[in-house]
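Read the structure below first, then the notes.
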Amino acid sequence: MAESNAEARSLNFLEEIVEEDLKSGKNKTILTRFPPEPNGYLHIGHAKSICLNFGLALEYGGKTNLRFDDTNPVKEETEYVESIIEDVKWLGFNPDKILYASDYFEQLYEFAVKLIKKGLAYVDDSSSEEIASQKGTPTEPGEANKYRNRSVEENLQLFREMRSGIYEDGEKVLRAKIDMGSPNMHMRDPIIYRIKKAHHHRTGNDWFIYPMYDFAHGQSDSIEHITHSICTLEFISHRPLYDWFIEKLEIFPSRQYEFARLNLTFTIMSKRKLLQLVNEKYVDSWDDPRMPTISGLRRRGYTPESIRNFTDRIGVQKRDNLIDVSLLEFCLREDLNKNALRKMVVFDPLKIVITNYPEQVEMMTTEDYPEAGEKSSKREIPFSRELYIEKEDFMENPPKKFFRLAPGKSVRLKSAYIIQCEQVIKDNQGNITELHCIYFPESKSGNDASGLKVQGTLHWVSKAHAIPVELRLYDRLFKVENPAMEEGDFKDYINPDSLEINRHALAEPSLANAKFNERYQFMRKAYFCLDKDSSEEKIIFNRTVSLKDGWAKEVKKG
RNA sequence: UGCCCGAUAGUAUAAAGGUAGUACGACAGAUUUUGAUUCUGUUUGUCGAGGUUCGAAUCCUCGUCGGGCAACCA
C-alpha cells in the first residue's frame with residue numbers, strides 16, 4: 001500500500017510509532033486488533049477504527065485480529081457478533097483470526113489468582129454504593145476500607161468461592177490493590193471481577209464471575225501478542241492501569257495508543273442513542289438507510305471503497321473533530337460516478353406528444369458508463385411518439401437562465417432527438433396536462449446533421465414502455481449539525497422529512513432487471529440502488545445520494 | 001477547582017527550528033448530448049502573552065478555550 005510515487009508522503013502519528021518500533025527492532029512485525037463489544041451494530045465511527053487497525057497492519061506487513069470484547073453477558077448477543085463479522089468483511093478486510101475475550105476466561109482467572117498471590121488484589125464485600133463513596137471524587141482522594149488488608153489465603157479462598165457460585169450478584173468483588181489516593185480514578189483499586197449469574201452467549205452458564213474491561217482487554221491483547229492496541233481517547237486514563245497489569249502479571253507488553261473518534265455532522269454516533277432510534281421506531285431498523293450504521297450505509301448504497309477512501313482522507317489525530325458529511329458524500333459520488341450504470345427515470349411525469357413523429361418505436365443507443373468513454377458498454381432504449389419528461393423541466397414563463405423546455409424553446413432528449421415545444425395543453429383548472437412538441441429528424445443523437453444548438457438536455461421515458469417504480473428519497477436524519485451537543489433531547493432534532501416516498505416515478509424498461517449488486521445513476525437526479533424490500537410486483541430503489549445540483553443553487557440565489 | 005489529553009482557513013489534515021501546503025466546502029469562469037463529471041482561478045488560517053533563537057506553527061513559561069476521568073459498562 002506504500003505510495004511509490006510520493007516518497008515524501010507524510011505519516012500520521014500511528015504510522016510514525018509503528019515505523020519507529022519496526023526500525024528500532026522493538027517489533028519484528030506488527031499485530032493489531034479490532035475489539036468490538038457485541039452489544040450493537042457497527043457504525044461509520046467503527047469503520048474508521050477498522051480501517052485504521054487493518055490498514056496499519058496491511059501497510060507494514062502485519063496482521064489484524066477481530067476480537068470480541070464479550071465480558072458482559074447481559075448486554076451481548078450472537079446476532080451482534082454475526083453482523084459485526086459481516087460488516088468487517090463487507091468493508092473489505094479479512095481478520096487473521098476471529099477471537100473472543102471469553103476464550104480467555106480460564107487464563108484471566110489464573111491471572112487474577114496470580115495477582116492475589118502477589119498481594120496485589122483483594123476481595124471486597126462492600127456494596128456498590130460503598131465502593132463508589134469510598135472511591136472519592138476527581139478532586140478528593142479515596143480511602144481504603146477494612147477488606148483491603150485481608151490475607152492472601154483468605155482472598156484466595158474467597159475468590160474461589162466467588163467462582164463456585166455460592167455468592168449472589170453484588171455480594172463481593174475482586175479489586176486490584178493499587179492506590180486509593182491516586183489522582184487517576186482508575187488506579188483507585190479498580191474492580192477487576194464481579195459476580196454475574198447470567199447466561200453468556202458463548203460460555204453459557206459456565207461462569208458466575210466475569211472480568212471487567214480493564215482486566216480483560218489488555219490481558220487479551222497480551223495473550224495474542226498484539227503489538228499496537230489502538231483505541232479511542234477516552235481510554236487514555238486507563239493506560240496506566242493497562243501498563244500496571246502487564247507489569248505485575250509479567251506478560252507480553254502490548255502497548256496502547258489512542259486516537260480521536262469520528263464525529264459526523266447531521267448524525268449521531270452513540271450506540272445507545274442509535275439503539276433508542278430503533279427501539280422507539282424513529283427508524284425502521286438498524287439497517288435503515290438513514291442510520292450511520294455500516295449496515296444502514298450498505299443498504300443506502302454506499303460502497304466499501306468510498307468508506308475506506310473517506311477514512312483515509314479524514315486522517316487520524318488526537319484532537320476532537322466534527323467532520324462535514326459533505327466529505328463523505330464527495331467520496332461516495334467520486335466512486336459512484338465511475339461505477340454506476342446510467343439510467344433514465346422520470347420522478348414526476350409530464351406527458352409530451354411528438355406530433356410529427358410516426359406511430360412507431362425506435363431504439364435509441366446510449367452509454368452505460370459515460371465516464372468510461374469509448375469503452376463503455378451500451379444499451380438500447382425505446383423511443384416513441386408519446387413520452388414523459390420531468391415536470392420541473394418545463395416552465396411556461398421561464399426566467400432567462402432556464403435552459404430547459406418552454407413554449408417555443410427547444411431541448412435535446414438525451415440520446416434521442418431535439419424537440420421544440422409548440423403547444424401547452426391544460427385542463428379546466430388550468431393545470432398543464434401535456435405538451436405538444438415537434439422533433440427534428442436530422443438531429444438524431446450520434447449523427448446530428450441539424451446544425452441546431454440547444455442549451456439543455458433532458459431525460460425521458462417512453463409512455464408505452466416505462467415501468468412504475470417506488471423511490472425512497474432519504475435525507476439527513478437530523479436538522480442540526482451536531483445533535484449530540486444540542487440542549488435537551490437529541491430526538492427533538494430529528495429531521496421529520498428524512499424519508500420521502502415517491503410512488504409515481506416511471507423508469508426505463510431495463511430497470512425491470514435491476515440487480516442488488518449494481519449501482520445506478522438516474523441521470524440528472526441522483527444515485528440509487530435496489531432495496532431489499534423489492535419484489536416482483538414492486539421495484540423499490542433507495543436514493544443513495546443526490547447529484548450536485550447547480551440549478552437548484554442558482555434558483556436559491558434568486 | 002485534582003489529574004490527563006488537545007488547540008493550524010468554515011471543516012478536516014500537512015509542514016519534525018528555515019517559502020504555512022493539500023483536500024472538502026464556498027465563490028467565479030471554461031468545457032459539457034447529465035445545470036453532473038472534468039478543468040482553471042479566487043477566498044479564508046498558526047488560541048493569547050511573554051521568552052529562547054539569525055529565524056518559532058514547531059522549543060520553554062504562564063494564561064485562555066475545548067474535551068475526558070468519580071458504571072459491579074466497554
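For clarity, every value in this text was computed on a predicted model and none was experimentally measured. Each chain gets a letter, A, B and so on, in the order the sequences are listed, and its residues count up from 1.
Within 4.0 Å of A:His186, counting heavy atoms only, lie sugar-phosphate atoms of the nucleic acid but no base atom. Note on A:Phe235: a base of the nucleic acid sits closer than 4.0 angstrom, heavy atoms only. Using a 4.0 Å heavy-atom criterion, one finds that A:Gly456 contacts no nucleic acid atom at all. Among the atoms of the strands shown, none is found under 4.0 Å from any heavy atom of A:Leu458. Counting any heavy atom pair closer than 4.0 Å across all strands shown, A:Lys196 reaches sugar-phosphate atoms only and no base atom. Using a 4.0 Å heavy-atom distance criterion, A:Thr71 is classed as a sugar-phosphate-only contact. Note on A:Pro35: nothing from the nucleic acid sits closer than 4.0 angstrom, heavy atoms only. Across all strands, A:Ser415 comes closer than 4.0 Å to base atoms (heavy-atom distances). Counting any heavy atom pair closer than 4.0 Å across all strands shown, A:Phe402 reaches a base atom. Base engagement by A:Ser126 is indicated by at least one non-hydrogen atom pair under 4.0 Å involving a base atom. Note on A:Lys548: only backbone sugar-phosphate atoms sit closer than 4.0 angstrom, heavy atoms only; bases stay farther off. Looking at heavy-atom distances under 4.0 Å, A:Lys271 makes no contact with the nucleic acid at all. Among the heavy atoms of the strands lying under 4.0 Å from A:Arg313 are primed sugar atoms or P, OP1, OP2 only; no base atom is included.
For A:Lys553, the side-chain atoms get nearest to B:rC27 when compared with the rest of B:rC27, B:rU34, B:rU11. Of the candidates B:rG68, B:rC72, B:rA14, B:rC72 carries the atom nearest the A:Ile191 side chain, counting heavy atoms from C-beta on. Picking from B:rA70, B:rA14, B:rG35 the nucleotide with the shortest atom distance to the side chain of A:Thr137 gives B:rA70. Checked against B:rA36, B:rA12, B:rA74, the side chain of A:Glu371 finds its nearest nucleotide in B:rA36. Each of B:rC73, B:rG68, B:rA15 was ranked by its minimum atom distance to the side chain of A:Asn72; first place goes to B:rC73. Comparing atom distances between the A:Gln521 side chain and each of B:rU34, B:rG35, B:rA74 picks out B:rU34 as nearest.
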Could you list all N or O pairs between the protein and nucleotides 39-44 of chain B that sit under 3.5 Å apart?
none

Atom pairs, protein N/O to nucleotides 2-8 of chain B N/O, distance under 3.5 Å:
{"residue": "B:rG2", "atom": "N3", "partner": "A:Pro138", "partner atom": "O", "Å": "2.7"}

Close N or O pairs between protein and nucleotides 18-21 of chain B (under 3.5 Å):
none

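Under the side-chain contact (heavy atoms from CB on, under 4.5 Å) rule, A:Tyr100 has a single partner from A:Glu76, A:His200, A:His201, A:Arg67, which is A:His201. Each of A:Cys437, A:Ser443, A:Pro441 was checked for a side-chain contact (heavy atoms from CB on, under 4.5 Å) with A:Tyr439, and the lone residue meeting it is A:Pro441. When the options A:Tyr242, A:Tyr213, A:Tyr257, A:Phe259 are evaluated for a ring pair (Phe, Tyr, Trp, His ring centres under 6.0 Å) with A:Phe235, the one that passes is A:Tyr213.
Looking only at distances, no side-chain donor or acceptor of A:Ser376 sits under 3.5 Å from a matching main-chain atom of A:Gly373. Remark: the backbone N or O of A:Asp368 is not paired with any side-chain donor or acceptor of A:Ser377 at under 3.5 angstrom.
Ranked by how close their nearest RNA chain B nucleotide is to the 5' end, A:Ser128 and A:Lys444 are led by A:Lys444. Between A:Glu334 and A:Asp448, the one whose closest nucleotide on RNA chain B sits nearer the 5' end is A:Asp448.
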**OP:** Kindly determine whether A:Tyr302 and A:Glu329 satisfy side chain to side chain contact (heavy atoms under 4.5 Å, CB included), including the steps that lead there.
**Re:** CA-CA 9 Å; A:Tyr302 274 74; A:Glu329 291 175 345; 4.2 Å; yes

**OP:** Please lay out, stage by stage, how A:Asp21 and A:Arg255 fare under the test salt bridge (Lys or Arg N to Asp or Glu O under 4.0 Å).
**Re:** CA-CA 11 Å; A:Asp21 291 345; A:Arg255 291 292 169 232; over 6 Å; no

Original post:
What's the verdict on salt bridge (Lys or Arg N to Asp or Glu O under 4.0 Å) for A:Lys318 and A:Glu258, showing C-alpha distance, side-chain angles and the deciding distance?
Top reply: CA-CA 7 Å; A:Lys318 300 185 74 151; A:Glu258 310 86 9; 3.7 Å; yes

Original post:
Are A:Lys338 and A:Glu305 close enough, and set up right, to give a salt bridge (Lys or Arg N to Asp or Glu O under 4.0 Å), and what steps lead you there?
Top reply: CA-CA 12 Å; A:Lys338 283 183 292 207; A:Glu305 172 73 22; over 6 Å; no

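We find that CZ of A:Arg163 is positioned 23 Å from P of B:rC72, with the value rounded to whole Å. One can place CG of A:Leu322 at 16 Å from P of B:rG66, the figure rounded to the nearest angstrom. Note: CD1 (A:Ile389) to P (B:rU34) measures 17 Å, nearest angstrom. Straight-line distance from the CH2 atom of A:Trp460 to the P atom of B:rU34: 15 Å, rounded to whole Å. Between the CZ atom of A:Phe403 and the C1' atom of B:rU33 there is a distance of 15 Å, given to the nearest Å.
If you check distances only, the side chain of A:Thr457 never reaches the base of B:rU34 with a donor-acceptor pair under 3.5 Å.
Stem analysis of RNA chain B (Watson-Crick or G-U pairs, both distances under 3.5 Å, runs of at least three) returns B:2-7 with B:64-69, B:10-13 with B:21-24, B:26-30 with B:38-42, B:47-51 with B:59-63.
A donor atom on one side chain and an acceptor atom on the other are found under 3.5 Å apart for A:Asn145 and A:Asp124. Between the side chains of A:His186 and A:Asp214, not a single donor N or O lies within less than 3.5 Å of an accepting N or O. Judged by distance alone, the side chains of A:Asp87 and A:Tyr41 never bring a donor and an acceptor atom under 3.5 Å apart. With hydrogens and angles left out, the side-chain atoms of A:Arg33 and A:His217 include a donor and acceptor closer than 3.5 Å. Under the 3.5 Å distance criterion, with hydrogens and angles disregarded, a donor-acceptor pair is assigned to the side chains of A:Ser510 and A:Lys343.
When the P atom is compared between B:rU1 and B:rA71, the two are found 23 Å apart, to the nearest whole Å.
Taking the six-membered ring for Trp and the full ring otherwise, the centers of A:Tyr122 and A:Tyr147 sit at least 6.0 Å from each other. Ring centroids of A:Tyr210 and A:Phe105 are separated by less than 6.0 Å, placing the two rings close together.
Stacking here means ring centres nearer than 5.5 Å and ring planes tilted less than 30 degrees, and by that measure A:Tyr213 does not stack onto B:rA74.
Of the inter-residue distances, the one linking A:Trp460 atom CH2 with A:Leu506 atom CG reads 13.0 Å to the nearest 0.5 angstrom.
For the contact set between residues 325-333 of chain A and RNA chain B, defined by any heavy atom under 4.0 Å, the members are A:Ser326, A:Leu327, A:Phe330.
Between B:rG35 and A:Arg524, a contact under 4.0 Å exists linking OP1 or OP2 to a side-chain N or O. Taking side-chain N and O atoms only, A:Arg194 has a distance below 4.0 Å to OP1 or OP2 of B:rC73.
For A:Asp475, the side-chain contact (heavy atoms from CB on, under 4.5 Å) criterion is met by A:Asn495, not counting sequence neighbours.
The aromatic rings of A:Tyr109 and A:Phe159 sit parallel, their planes meeting at an angle under 30°, below the 60° perpendicular limit.
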